[in-house]
Amino acid sequence: MRAILVKQPGGADQLYLGQAEKPEPKCNEILVKIHCFALNRMDIVQREGHYPLPPEAGPILGVEFAGVVVGTGANAQRFKPGDRVFGLAYGGAYAQFIAVDEGSVHLLGSLTMEMGSSLLECWYTAYQAVTLIGDLKAGEDILIHAASGGVGTAAIQLAKNAGARRIFVTAGSPEKLEYCRRVGATHPINYREQSFKEVVLQETNGRGVDVICDYLLASYFGDN
């Protein structure tokens, strides 16, 4: 099969379209013909040789994909050939085919291939932060850092859907902040020009927020 491979660790110029062995689905796996895959920061870091790979990952990049089931392992029961699916994998999505555990895959339903292939990595991370760990409730306030990125914009929309009262966000340009406002932020803060700590304390009368989503942590820990 064709796959996007890496000559050696480095920039995007190290990527090339080559040939790789077509995977065979194991007992609980399905074989998916990939129609779309997503580009994530972890792919870039892996391409540069700085990402520690789990044992399950192979040499082919890519963790998010959408496509059509074309084969199933002996014990796989959730899907059948022809099903339109999307899912997450440890790697291998930059290729024509991927074999993946059926528990990591979902039916696309009304989603397009493009939508399905770009949802899970960002939205799972944001959902874990806002809902599972942060336990944000209606009427509470939240602060979201790096808000114009994929995880950040997902977190904004989840907070809005949860009924957050005030959604404070930080980003580094007026264009990014306007984008955040369009997807639901109520209090955009340009961290290059303002102290988010001072803005939050002023707007909340010194109370602060109920939940903070921070994917940078080290540089913001004290002010958080």
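Just so you know, these numbers come straight off a predicted model, no measurement behind them.
- Looking at every heavy atom in both residues, D141 comes nearest to V209 through O-CB, 3.7 Å.
- When atom types are taken as modelled, the side chain of D223 and the backbone of Y220 share no donor-acceptor pair closer than 3.5 angstrom.
- From L15, atom CG reaches atom CG of L5 across 9.0 Å, with rounding to the nearest 0.5 Å.
- Residues L136 and L158 are members of one and the same hydrophobic cluster, defined by side-chain heavy-atom contacts under 4.5 angstrom among Ile, Leu, Val, Met, Phe, Trp and Tyr.
- To the nearest 0.5 Å, atom OG of residue S195 and atom CD of residue Q202 are 10.5 Å apart.
- Looking only at side-chain heavy atoms (C-beta outward), L107 and D83 come within less than 4.5 Å of each other.
- Q96 places a side-chain N or O within 3.5 Å of a backbone atom of R2 that can act as its donor or acceptor partner.
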Could you walk me through whether I60 and M1 pass the side chain to side chain contact (heavy atoms under 4.5 Å, CB included) test, one step at a time?
CA-CA 12 Å; I60 300 175; M1 68 175 181; 4.0 Å; yes

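- Within the 4.5 Å cutoff, no side-chain heavy atoms of L61 are placed close to those of L39.
- Taking every heavy atom of both residues into account, S118 and E64 meet most closely at C-OE2, 3.7 Å.
- The minimum heavy-atom distance linking R47 with G10 is given by the pair NE-O, 2.9 Å.
- The hydrophobic clustering, which links ILVMFWY residues whose side-chain heavy atoms are closer than 4.5 Å, places V169 and V130 together.
- Nearest heavy-atom pair, P81 versus T72, reported as atom, atom and distance to 0.1 Å: CD-CG2, 4.5 Å.
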Any chance you could lay out the ring pair (Phe, Tyr, Trp, His ring centres under 6.0 Å) test for F196 and Y191, step after step, and finish with the verdict?
CA-CA 6 Å; F196 70 82; Y191 66 81; 9.0 Å; no

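- Two different hydrophobic clusters hold L201 and I212 under the rule that ILVMFWY side chains link at heavy-atom gaps under 4.5 Å.
- Both L88 and M115 are assigned to one and the same hydrophobic cluster, defined by single-linkage of ILVMFWY side chains at heavy-atom distances under 4.5 Å.
- In this structure a side-chain-to-backbone donor-acceptor pair under 3.5 Å is present from R192 to G172.
- None of I156, I167, T170 except one satisfies the side-chain contact (heavy atoms from CB on, under 4.5 Å) rule with C180; the exception is I156.
- Without hydrogens or angle criteria, N40 side chain to M42 main chain gives no donor-acceptor distance under 3.5 Å.
- Counting heavy atoms from C-beta outward, F37 and I98 have side chains that stay 4.5 Å or more apart.
- A 4.5 Å side-chain heavy-atom check between V199 and H187 finds every atom pair outside the cut-off.
- Counting only heavy atoms from C-beta outward, the side chains of D210 and I142 never approach each other to under 4.5 Å.
- Note that CZ of F97 is 13.5 Å distant from CD of E21, once rounded to the nearest 0.5 Å.
- Annotation: side chain of P23 is in contact with side chain of L31 (closest heavy-atom distance under 4.5 Å).
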For K176 and Y179: C-alpha separation, side-chain torsions, deciding distance, then whether side chain to side chain contact (heavy atoms under 4.5 Å, CB included) applies.
CA-CA 5 Å; K176 290 180 178 179; Y179 175 66; 5.6 Å; no

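- The closest donor-acceptor contact from the side chain of E178 to the backbone of P174 lies at 3.5 Å or more, if one exists at all.
- Contact of the L111 side chain with the L119 side chain is registered, since non-hydrogen atoms from C-beta on lie closer than 4.5 Å.
- Going from atom OG of S219 over to atom CG of D214 covers 7.0 Å, rounded to the nearest 0.5 Å.
- At least one side-chain heavy atom of M113 sits under 4.5 Å from a side-chain heavy atom of L108.
- By the 6.0 Å contact criterion, OH on Y90 is open, its count of non-hydrogen atoms from other residues, nucleotides or ligands being 12 or less.
- Going from atom CZ of R166 over to atom CG of L143 covers 12.5 Å, rounded to the nearest 0.5 Å.
- One side chain, N224 or H145, offers a donor N or O that lies under 3.5 Å from an acceptor on the other.
- By the neighbour-count criterion of 12 heavy atoms within 6.0 Å, atom CZ of F221 is sparsely surrounded, having that number or fewer from other residues, nucleotides or ligands.
- Within 6.0 Å of CD on E198 lie no more than 12 heavy atoms contributed by other residues, nucleotides or ligands.
- For the ring-ring contact (aromatic ring centres under 6.0 Å, His included) test with H106, the passing option among W123, F65, F86 is F86; the others fail.
- Nearest heavy atoms, V151 versus C122: N-SG, 3.7 Å.
- Side chain of Q157 to main chain of G184: no donor-acceptor pair is present (N/O by atom type, distance under 3.5 Å, no hydrogens or angles).
- In the hydrophobic clustering of ILVMFWY residues, with side-chain heavy atoms under 4.5 Å counting as a link, I4 and I44 come out together.
- Remark: D43 CG to E48 CD distance equals 11.0 Å, nearest 0.5 Å.
- Here the closest non-hydrogen pair linking A89 and V100 is CB-CG2, 4.1 Å.
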Please assess Q128 against I133 for the test side chain to side chain contact (heavy atoms under 4.5 Å, CB included), listing each intermediate value before the final yes or no.
CA-CA 6 Å; Q128 181 185 41; I133 298 175; 3.8 Å; yes

